[in-house]
Amino acid sequence: MHSDTFSLSQTYEKYFLIGAAISPYGLERNTALLKQHFSSVTCENHMKYSMVHPQRDVWKWDGADQIVAFAKENHKQIRLHAPVWHEQLPEWVVRDTDGFLQSRDHVLACIEEYIYNIGTRYGKDAYAWDVVNEAAADRIDDYNREKFGNIPYRNSDFFQACGIDYIAKAFHWAHKYAPNVQLILNDFNECDPYKRERICRLAQELLHRDVPLHGIGMQGHYNMDNPSFDELRRSIEAFAALGLRLQITEMDLDIYHNCELDLMPVINHVEQPIELTEELRARHNARYAALFGIFREYADVIDSVTTWGVADDWSWLQHPVMKNCPMLFSEAHEPKDCVLQMIREA
Ligand code: GLA
């Protein structure tokens, strides 16, 4: 099975890149799988603001440098990830020491400085960049939606300080400092019909303002029920209809529902551990393979499919009690049945 020619990414060359999000530790642990089955890498955390520039006078490049060096040595393509995100962001970017919102000028200057540093350091080596992450409002209840409309903007500190300009300017700066990179607006719950509409409205607004936006990142944090195949197709078609390229940027397949990314709000509800039976594993494999089947159908608009991790021994969805199996490769780093099926059907 592990001959040089048995490779997910080589088999999928004719469709799209196959990517993985990794940390420096993940790189060490998964070197063999990354070399054999993946053609693209994303820094899981090591290009985020709070990791690289946690304090005004501190810049930490080691982790990102290591991952980029691995990618270049091994001819993997590089995605840059999430300089502008309301999470994993140092407080001083958006709040002063008394907790008050910083000025628009301060916030925009921080965004430009950060994008300049990432763009000039890695832009020439990268093909894609999730420039702005999760800028669309997530859940809006029926009452508010009916009263105020399906307003697309997340009411983050960025938005409060700068309005939509923080998004527009971030893309302009990314284009200025990394002119050859495909620039992506990345978001989650992208197959929920109302969220899909909000992402489309936000993207349309940016395009209307001549913002250099090239693609939509569909994070792809899915579970065993959501999204339905129909809603997935509708989202792919709706985003592609804007004239944009698509990337699946953070895919995993959760066997639980009680995570913040679920489409249904779950309040005060803790799920019980689910036994990973053969039957459940078979359904999980079948769903992964079916989802990749849909991605293949839309390969003319999809440029890459990245999973948020490599193998089940590490994932942000793993929990010591509630064991999960979200990745394409097992804890023992063996390809799961879905990988064999995805290769067979390609
Ligand atoms: C979001 C972010 C990612 C990662 C995941 C899971 O989707 O975009 O960078 O942090 O959450 O942890």
Side-chain heavy atoms nearer than 4.5 Å, only ILVMFWY residues, links allowed to pass through others: does that put Leu202 and Ile140 together?
no
Give a yes or no on whether a salt bridge exists between Arg139 and Asp192, defined as a side-chain N under 4.0 angstrom from a carboxylate O. no
*Lys/Arg N to Asp/Glu carboxylate O, Arg56 vs Glu113, below 4.0 Å*: yes
Can you check whether [X] reaches [Y] side chain to side chain, under 4.5 Å on heavy atoms?
X: Asp187; Y: Glu134; answer: yes
X: Pro54; Y: Pro90; answer: no
X: Pro193; Y: Glu231; answer: yes
X: His333; Y: Asn30; answer: yes
X: Phe292; Y: Tyr12; answer: yes
X: Arg209; Y: Asp165; answer: yes
X: Trp129; Y: Ile118; answer: yes

In terms of heavy-atom contacts, does [atom1] of [X] have more than 12 from other residues, nucleotides or ligands at under 6.0 Å?
X: Asp300; atom1: CG; result: yes
X: Tyr127; atom1: OH; result: yes
X: Tyr116; atom1: OH; result: no
X: Phe229; atom1: CZ; result: yes

Parallel, tilted or perpendicular, judged at 30° and 60°: which one describes the rings of [X] and [Y]?
X: Tyr114; Y: Tyr49; result: parallel
X: Tyr166; Y: Phe158; result: parallel
X: Phe329; Y: His37; result: tilted

Notebook entry, point to check: Which is it for Glu13 and Ser39 under the side chain to side chain contact (heavy atoms under 4.5 Å, CB included) test, yes or no, and what are the steps along the way?
Noted result: CA-CA 9 Å; Glu13 243 168 29; Ser39 45; over 6 Å; no
* Asked: Going through the distances and angles, do His221 and Asp254 end up as a side chain to side chain contact (heavy atoms under 4.5 Å, CB included)?
  -> CA-CA 8 Å; His221 292 294; Asp254 192 349; over 6 Å; no
For Thr307, is there any backbone N or O sitting under 3.5 Å from a side-chain donor or acceptor partner on Asp252? no
Handout entry: Heavy-atom donor-acceptor pair, Asn150 side chain to Tyr194 backbone, under 3.5 Å
Key = yes
#### Entry: Lys NZ or Arg CZ of Lys195 over Phe188 ring: under 6.0 Å, within 45°
yes
**Prompt:** Are Phe171 and His175 close enough that their ring centres sit under 6.0 Å apart?
**Reply:** no
